[in-house]
Protein chains: 2
Amino acid sequence: MQRWDGYGSPWWHGRFRGCGYRITVPRRIILDVLSKTSEHLSAEDVYVAVHKIYPNVGLTTVYRTLELLVQMGLVFRFDFGDRKARYELAMGPKGMRHHHHLVCTDCGRVVDYTDFLDEEKELLSRTEVGLAEKYNFTISNHLIQFYGLCDKCRVKK
Amino acid sequence: MQRWDGYGSPWWHGRFRGCGYRITVPRRIILDVLSKTSEHLSAEDVYVAVHKIYPNVGLTTVYRTLELLVQMGLVFRFDFGDRKARYELAMGPKGMRHHHHLVCTDCGRVVDYTDFLDEEKELLSRTEVGLAEKYNFTISNHLIQFYGLCDKCRVKK
DNA sequence: AAATTTAATGAAAGCAATTTTCATTAAAAA
DNA sequence: TTTTTAATGAAAATTGCTTTCATTAAATTT
């Protein structure tokens with residue numbers, strides 16, 4: 001599951017070194033947890049998972065590390081409407097993971113989709129270029145989410 | 001600035017009546033504040049603005065009313081990454097206001113854009129149909145945000 | 001227009017997610 | 001191995017928001 005850079009270190013060690021950040025046990029474990037799930041974990045979720053592996057890690061460190069990873073662009077932070085942040089590895093051993101979300105506004109279920117990405121991609125990059133020019137922004141990322149009712153919740157109503 | 005329904009009431013009175021909700025002074029003022037700004041107000045912002053007009057309105061009522069308006073579909077709630085909700089009138093006197101956002105990840109500035117909407121719209125609705133079929137969702141809304149650095153923040157780095 | 005009903009309100013207390021503080025620990029540099 | 005200083009964990013603090021409950025005021029009935 002872990003990918004190596006060919007010099008005996010996981011892929012993200014270089015990024016850390018480059019920024020002057022230390023490679024610590026808690027950081028190693030948090031990244032490991034994130035790289036092994038395909039779910040949308042909250043800070044609490046990460047804490048629980050990390051805690052199972054190494055019970056000494058505190059919740060504070062989880063929050064701090066997630067924040068750091070978001071700053072570095074290694075992790076994305078999402079908001080699905082319940083008021084707690086969700087975290088996902090931006091890219092991982094499996095390669096690029098970019099996807100969009102389909103959120104059920106009733107039960108909160110989140111589906112990742114990549115299916116229409118090819119069609120979307122072209123328009124998105126054109127839009128990005130246009131927006132960047134018009135508003136003088138350097139665009140580095142985007143977020144697309146669709147909201148609605150999943151099959152189960154539709155029936156309930 | 002206020003639009004009337006031709007029978008002597010602002011446009012939203014009918015919606016309220018239909019749902020059995022009362023038309024009260026705080027609600028009137030909150031809707032008035034929202035209809036007169038083009039900014040992305042937090043609950044606190046709304047509270048401050050409302051307070052200037054009518055100091056008796058409490059923060060609790062502001063939260064409750066905003067929630068009600070979101071439920072009714074009269075107001076949209078957004079999240080721009082600082083962890084507080086922002087509110088915008090869904091449609092107003094000026095007609096439909098649907099737009100997307102361009103968010104500066106450094107200073108938090110938010111630009112609304114509608115420019116590329118025509119091109120986007122068609123792809124979006126195709127995507128919606130496809131997703132709805134594939135994942136068995138009834139899609140009612142979507143969110144598109146681009147993230148990057150605005151001109152000022154790019155220079156600072 | 002007055003009385004009645006009940007939804008809406010405001011103040012205070014409560015809550016959950018996240019952040020800050022600060023003394024201690026452990027990476028990494030010397 | 002020693003030194004430096006970034007990172008950590010526990011506890012306290014903060015923030016954005018929600019709940020509770022006694023009071024007020026819309027809207028309905030008289």
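Per chain, numbering begins at 1; letters A, B, ... match sequence-line order.
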>> Under 4.0 Å, counting only non-hydrogen atoms across every strand here, what does A:T60 touch: a base, just sugar-phosphate, or nothing?
In response: base
Can you tell me if the side-chain N/O atoms of [X] get under 4.0 Å from OP1 or OP2 in [N]?
X     : N      : value
B:Y63 : D:dT18 : no
A:T61 : D:dG9  : yes
A:R17 : C:dA28 : yes
A:T24 : D:dT8  : yes
B:R64 : C:dA7  : no

Kindly assign one of parallel, tilted or perpendicular to the pair [X] and [Y], based on the angle between their ring planes and the thresholds 30° and 60°.
X      : Y     : value
B:Y21  : B:F16 : perpendicular
A:H99  : A:H40 : perpendicular
B:H101 : B:F80 : perpendicular

> For DNA chain D, whose closest nucleotide is more 5', that of B:A85 or that of B:I23?
Replying inline: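 The residue whose closest nucleotide sits nearer the 5' end is B:A85.
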To the nearest angstrom, how far is [X] atom [atom1] from [N] atom [atom2]?
X     : N      : atom1 : atom2 : value
B:K84 : D:dT18 : NZ    : P     : 15 Å
A:L31 : D:dA7  : CG    : P     : 14 Å
A:D82 : D:dT18 : CG    : P     : 12 Å
B:E44 : D:dT14 : CD    : P     : 16 Å
A:R86 : C:dA17 : CZ    : P     : 10 Å
A:R83 : D:dT14 : CZ    : P     : 22 Å
B:Y21 : C:dT9  : OH    : C1'   : 16 Å
B:Y54 : C:dG10 : OH    : P     : 8 Å

> Between B:L59 and B:R22, who's closer to the 5' end of DNA chain C by nearest nucleotide?
Replying inline: B:R22
>> Judged by each residue's nearest nucleotide on DNA chain C, which is more toward the 5′ side, A:V25 or B:G58?
In response: B:G58
> So, B:T61 side chain and B:V57 main chain: donor-acceptor pair closer than 3.5 Å or not?
Replying inline: no
> By the rule that ILVMFWY residues connect when side-chain heavy atoms come within less than 4.5 angstrom, directly or transitively, which residues belong alongside B:V129?
Replying inline: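 Direct or chained contacts put B:V129 with none.
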